[in-house]
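To start, the structure under review is shown below, and the notes come after it.
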2 protein chains.
Amino acid sequence: MWLRIDSRSSTPMYQQMIDEIKARIAKGALAPQSRLPSIRELASDLMINPNTIAKAYQELEREGVIEVIRGRGTFVCREQEGAGGAVAASARAQVRDMLTRVLVEAHHVGIPLADVSRELEVLIAGWPEERGRYSDE
Amino acid sequence: MWLRIDSRSSTPMYQQMIDEIKARIAKGALAPQSRLPSIRELASDLMINPNTIAKAYQELEREGVIEVIRGRGTFVCREQEGAGGAVAASARAQVRDMLTRVLVEAHHVGIPLADVSRELEVLIAGWPEERGRYSDE
DNA sequence: GCAAGTGTATCATTCGATATAGTACACATA
DNA sequence: TATGTGTACTATATCGAATGATACACTTGC
């Protein structure tokens with residue numbers, strides 16, 4: 001099974017697909033230009049409606065993550081967004097906002113903020129690769 | 001106005017209240033034992049239905065963040081969860097999951113992972129206080 | 001050309017969460 | 001006793017998620 005989806009989760013199935021596919025690309029498990037399963041194929045595989053898959057693919061295309069070629073299929077974009085170029089201020093603000101939420105949550109479950117920082121370091125250290133796309137490192 | 005809510009946001013109003021109140025507590029802007037506005041008061045203030053406020057308060061009480069005293073009002077708990085005690089493994093897993101999402105998002109908008117780490121350090125450095133509740137620091 | 005496989009675009013429908021509206025109840029305080 | 005507190009319940013309207021079905025435009029291979 002190419003993908004695993006929890007139909008009873010409170011997060012919509014199409015959103016789960018978006019998150020999972022973006023995660024795989026970010027971690028290098030889905031290489032650029034590689035092909036994704038067809039809508040109908042994935043739909044019958046997961047036993048859900050093709051429209052749900054289509055919605056996820058359309059959103060991923062809108063975000064510039066995948067590329068759709070009519071009649072051929074959907075593929076991971078060869079160049080991910082922002083590579084080498086300037087990063088929008090809104091994008092940085094969004095990341096900062098997400099980090100703030102993590103700190104708030106950590107506080108309420110009793111995790112020291114220093115532990116959050118350490119955990120992030122571990123995650124980054126274990127990150128598959130960035131393939132030297134960023135001159136910053 | 002005690003609280004500001006965006007009724008047109010995609011995130012439910014009651015969820016916005018939960019997030020904002022938890023953030024204020026975590027940052028020390030809402031001290032333990034301090035009183036929250038009454039349901040009807042806040043409802044007429046925000047010009048929304050009292051049931052929506054009640055839902056937010058009930059969820060916050062379920063999470064152990066606030067304390068409800070019938071006939072008197074709602075108050076911030078004097079002891080936040082996990083203070084000094086053991087932190088559930090599921091809580092740490094949740095924080096790790098949130099951090100992973102941040103890294104995935106950062107990747108797709110072209111922000112170097114090292115920048116995320118730096119941003120987190122800045123946020124922690126500017127965090128109001130932890131009042132020495134954690135022996136870890 | 002034709003068949004099969006791709007994504008796209010509709011429509012109608014079901015289902016659950018969100019939010020509103022109104023009413024009634026139990027408790028605490030002055 | 002009057003007022004203010006949170007709680008509980010029903011009913012209703014709205015919206016997003018998901019399904020089901022159909023039709024269309026395009027690409028590829030026979």
First of B/Pro37 and B/Asn51 reached from the 5' end of DNA chain D, by closest nucleotide: B/Pro37
Sugar-phosphate only, base, or nothing, as touched by A/Thr74 at under 4.0 Å among non-hydrogen atoms: sugar-phosphate
Between C/dG7 (C1') and A/Glu41 (CD): distance, integer Å: 14 Å
Sugar-phosphate only, base, or nothing, as touched by B/Glu67 at under 4.0 Å among non-hydrogen atoms: nothing
Atom-to-atom span, CD of A/Gln58 to P of D/dA18 - whole angstrom: 14 Å
Difference in axis direction between the ends of the helix from C/dG1-D/dC30 to C/dA30-D/dT1, five pairs, 10°: 20°
Atom-pair distance (CZ on A/Arg35; P on D/dT28), nearest Å: 12 Å
Sugar-phosphate, base or nothing in reach of A/Gln16, heavy atoms under 4.0 Å: nothing
Nearest listed nucleotide, side chain of A/Pro12, among C/dT8, D/dA18, D/dG6: D/dA18
Protein-nucleotide distance (B/Asn49, atom CG; C/dT23, atom C1'), rounded to Å: 12 Å
Phosphate-side-chain proximity, B/Tyr14 and C/dT18, N/O vs OP1/OP2 below 4.0 Å: yes
Transitive ILVMFWY side-chain link B/Ile111 to A/Trp127, under 4.5 Å: yes
Protein-nucleotide distance (A/Glu59, atom CD; C/dT8, atom P), rounded to Å: 13 Å
Shortest side-chain distance from A/Arg70, nucleotide among D/dC26, C/dA26, D/dT5: D/dC26
Hydrophobic cluster membership, A/Met98 vs B/Leu113, 4.5 Å side-chain cutoff: yes
Selected nucleotide, minimal atom distance to B/Tyr57 side chain, candidates D/dG6, D/dT27, D/dT5: D/dG6
Under 3.5 Å donor-acceptor pair, B/Arg40 side-chain atoms to D/dG6 base atoms: yes
Sidechain-backbone polar pair: B/Trp2 side chain, B/Leu46 backbone, donor-acceptor under 3.5 Å: no
Phosphate OP1/OP2 of C/dG5: any A/Ser38 side-chain N/O under 4.0 Å: no
CG-CD1 distance between B/Asp45 and B/Ile53, expressed to the nearest 0.5 angstrom: 9.0 Å
Separation of A/Leu36 CG from A/Glu41 CD (nearest 0.5 Å): 10.5 Å
Nucleotide nearest A/Thr52 when distance is taken to its side chain, options D/dA25, D/dT5, D/dT19: D/dT19
Separation of C/dG7 C1' from A/Arg72 CZ (nearest whole Å): 13 Å
A/Ile66 CD1 - C/dT6 P separation (whole Å): 15 Å
5'-most by nearest nucleotide on DNA chain C - A/Ile69 or B/Gln15: A/Ile69
Backbone N/O of A/Val95 and side chain of B/Glu105: donor-acceptor pair under 3.5 Å: no
Interatomic distance, A/Lys55 NZ vs C/dT10 C1' [rounded to whole Å]: 15 Å
All side chain to side chain donor-acceptor pair (under 3.5 Å) counterparts of A/Arg24, not counting sequence neighbours: A/Glu20
Smallest separation among heavy atoms of A/Ala31 and A/Ser34, with atom names: O-OG, 2.5 Å
